[in-house]
Protein chains: 2
Amino acid sequence: MSQLDHSLIAGLPQFQGMTSEELDHVLANARSQRIAKDTTIFEQEGEANSFFLLLDGHVRVVKSTPDGQQVIVRYISSGELLGIAHALGRTTYPASAVAAVDCVVLAWPSRLWSRFSAQYPAFGVGTYKTVGSRLQEAHTRVIEMSTEQVEQRVAHALLRLANQTGKKTAEGVLIDFPISRQDIAEMTGTTLHTVSRLLSAWETKGLVRSGRQKVTVVEPHKLFMLAEGRPKKD
Amino acid sequence: MSQLDHSLIAGLPQFQGMTSEELDHVLANARSQRIAKDTTIFEQEGEANSFFLLLDGHVRVVKSTPDGQQVIVRYISSGELLGIAHALGRTTYPASAVAAVDCVVLAWPSRLWSRFSAQYPAFGVGTYKTVGSRLQEAHTRVIEMSTEQVEQRVAHALLRLANQTGKKTAEGVLIDFPISRQDIAEMTGTTLHTVSRLLSAWETKGLVRSGRQKVTVVEPHKLFMLAEGRPKKD
DNA sequence: GCGATTGTTTGCGCTGCATCAAACACGTTT
DNA sequence: AAACGTGTTTGATGCAGCGCAAACAATCGC
């Protein structure tokens, strides 16, 4: 195993306040791994043997229902931890993780998680802040699903993606990984048909530009209005 | 402030493995508080000055949308912590908590949370397991809202309540705090009208018995079938 | 280059559930 | 008892959005 440079992780909140030696020690126990697009990193219900840090790429976290339906729980961007089942007191992964693009991850054996967090306070605290904000996020999703119409939910989802992973372009904010209508449907609890219709409608209004597996938000503000206000049909 | 007996909390997972002196120390910093039915314990967006342990009663955790809609995030039963915003890296409460019945809580200043969890490992770990399972639960809710019909969602909600807080009676499992159709509607993202219709239908089928602010699950198994299987109309 | 595969668009009919509306049951106050 | 408030039932109506189907467009493999 080649030695990993600690600049890889030095800037991340989880590793704040650690010395170079400590970072090296953490990295010495990690193995770096390239993940090809559409490859599964870990599988729902599988033994949680490892936890991961996404160094580069985007990962889709998916939960499947017994009858085969899928729901996209969230997207992970680089710099975030994933597969931290052990931190939540679980021994199996609660969902599957699939690379949305070619990715690079660091992987550690799960049992090291508790050692790290005991040894490096920032690591534990950082993780729990992450978990806390994910809990928040999940609740927000529940609220949205309970109180909003499909159009507003899709708008919110798009805005969230644009904020998390958006890339400025000449046309607007581009979601910088391939995403299909089906994916958006699985994030918002609707069908790809409805998403397609909505995007078409928005495109004619100039709010977004979209094509095969790509979406650009042209008018974030107008989209936001749509996402928020109970729409007074005009 | 009268001295609290540590038998109050000795059995709880959060305080596992602590000596009598330690428990006394924890309790010395707590103040015990009676909360009348329908009283707010803490308010959404309010400064998270305290965290709480519910000693007796049932608490409704509610989130309100800007436009006044309410969603019931969960019910808390006795023995559970609530208001642990600080553990999640927040300084305001993300939701409101309202006593569903007369309650008794212990309250601590929020800043003690980190001290306790540093000092008593079981406390921190226990809390995070709680948070972990709540995250799980929230994700389950998202999945349900995304993939299930109203009837199944209501059935699931009822079963969850029956499991968490059910009380065996001659007729079946009674949900042992007052709960209205409106409440159930706010848990499942539907309207009280629809909930009422469903309960009526189930009552004629003998699955439940219900009246003003009370629901008894008579046939948990049949209700479960309904909640799970995509119903083949019969 | 050509077919095969995968993603997208769009039309149409149907239905689950929200919305509106009214009446009813129970408990509480006067 | 009568009057009131709060929770529940039930009917009637409308429509958002799902299911189905068919055609189209882009990309991949050979």
Side-chain angles (χ1 to χ4, degrees), chain A residues 36-38 60 67-72 98 100-101 144-155 157-158 175 177-205 208-216 226 230-233, chain B residues 37-38 60 65 67-72 100 144-155 157-158 175 177-205 208-216 226 230-233:
Chain A
K37 183 182 172 191
D38 293 327
R60 196 166 50 230
D67 57 310
Q69 300 216 64
Q70 290 202 332
V71 177
I72 296 182
V98 181
V101 294
E144 282 184 13
M145 301 287 306
S146 300
T147 63
E148 295 178 357
Q149 312 257 97
V150 168
E151 182 171 36
Q152 305 176 58
R153 299 207 302 267
V154 175
L158 241 49
I175 294 166
F177 53 85
I179 185 165
S180 69
R181 322 281 142 152
Q182 176 67 35
D183 291 332
I184 298 174
E186 287 176 8
M187 300 179 65
T188 51
T190 181
T191 61
L192 80 162
H193 306 272
T194 300
V195 173
S196 180
R197 277 178 242 272
L198 285 173
L199 288 182
S200 297
W202 292 345
E203 184 132 22
T204 59
K205 287 205 241 165
V208 303
R209 307 226 61 207
S210 74
R212 190 188 179 80
Q213 309 239 68
K214 84 182 229 302
V215 180
T216 304
L226 222 166
R230 189 148 289 273
K232 41 197 73 172
K233 273 267 160 327
Chain B
K37 184 183 171 189
D38 291 329
R60 199 168 46 233
T65 64
D67 58 309
Q69 298 215 64
Q70 290 203 329
V71 176
I72 296 183
E144 281 184 13
M145 300 287 305
S146 300
T147 64
E148 296 179 357
Q149 312 253 99
V150 169
E151 183 171 35
Q152 306 177 59
R153 299 205 303 266
V154 175
L158 242 50
I175 293 166
F177 53 85
I179 185 167
S180 69
R181 322 281 140 148
Q182 177 69 36
D183 292 332
I184 298 175
E186 286 177 8
M187 300 179 65
T188 51
T190 179
T191 62
L192 80 163
H193 307 270
T194 301
V195 173
S196 180
R197 277 177 240 272
L198 285 172
L199 287 181
S200 296
W202 292 345
E203 183 132 21
T204 58
K205 288 205 239 164
V208 304
R209 308 227 58 207
S210 75
R212 193 189 178 78
Q213 309 238 69
K214 81 182 231 305
V215 180
T216 304
L226 222 167
R230 190 147 290 271
K232 42 195 73 172
K233 273 267 156 343

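Letters A, B, ... are given to chains in the order of the sequence lines, protein chains preceding strands, and every chain is numbered from 1. Because only heavy atoms are used, hydrogens play no part in the values below, and waters and symmetry mates are left out as well, while side chains stay in.
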remark   = Looking only at heavy atoms, the pair that brings B:Arg181 and B:Leu199 closest together is NH1-CD1, 3.0 Å
Quick check for you: to the nearest 0.5 Å, what is the distance between [X] atom [atom1] and [Y] atom [atom2]?
| X | Y | atom1 | atom2 | result |
| --- | --- | --- | --- | --- |
| A:Leu198 | A:Ile184 | CG | CD1 | 9.5 Å |
| A:Ile179 | A:Lys214 | CD1 | NZ | 13.0 Å |
| A:Arg60 | A:Asp38 | CZ | CG | 6.0 Å |

Rounded to whole angstrom units, what separation is found between the [atom1] atom of [X] and the [atom2] atom of [N]?
| X | N | atom1 | atom2 | value |
| --- | --- | --- | --- | --- |
| A:Gln213 | C:dT6 | CD | P | 12 Å |
| B:Leu192 | C:dT19 | CG | P | 11 Å |
| A:His193 | D:dC20 | NE2 | C1' | 8 Å |
| B:Trp202 | D:dT8 | CH2 | P | 15 Å |
| B:Glu151 | C:dT15 | CD | C1' | 14 Å |
| B:Gln149 | C:dT15 | CD | P | 13 Å |
| B:Arg212 | D:dG5 | CZ | P | 14 Å |
| A:Arg209 | C:dT8 | CZ | C1' | 16 Å |

request  = Could you pick out which residue, A:Glu203 or B:Gly189, lies toward the 5' side of DNA chain C when each is mapped onto its nearest nucleotide?
outcome  = A:Glu203
Do the side-chain N or O atoms of [X] get closer than 4.0 angstrom to the phosphate oxygens (OP1, OP2) of [N]?
| X | N | result |
| --- | --- | --- |
| A:Thr194 | D:dG17 | no |
| B:Ser200 | D:dT8 | no |
| A:Ser180 | C:dG7 | no |
| B:Thr190 | C:dA18 | yes |

query = Counting any heavy atom closer than 4.0 Å, what does A:Ser196 reach on the DNA or RNA strands: base, sugar-phosphate only, or nothing?
reply = base
ask   = Which part of the nucleic acid, if any, lies within contact of A:Arg181, taking any heavy atom under 4.0 Å across all strands shown: a base, the sugar-phosphate backbone alone, or nothing?
value = sugar-phosphate
ask   = Quick one: does A:Trp202's side chain get under 4.5 Å of A:Glu151's, heavy atoms only?
value = yes
request  = Assign each of A:Thr191 and B:Val195 to its nearest nucleotide of DNA chain D by heavy atoms, then name whichever residue's nucleotide is nearer the 5' end.
outcome  = B:Val195
task = Answer with yes or no whether B:Arg197 presents, from its side chain, a donor or acceptor under 3.5 Å of a partner atom in the base of C:dG16.
result = no
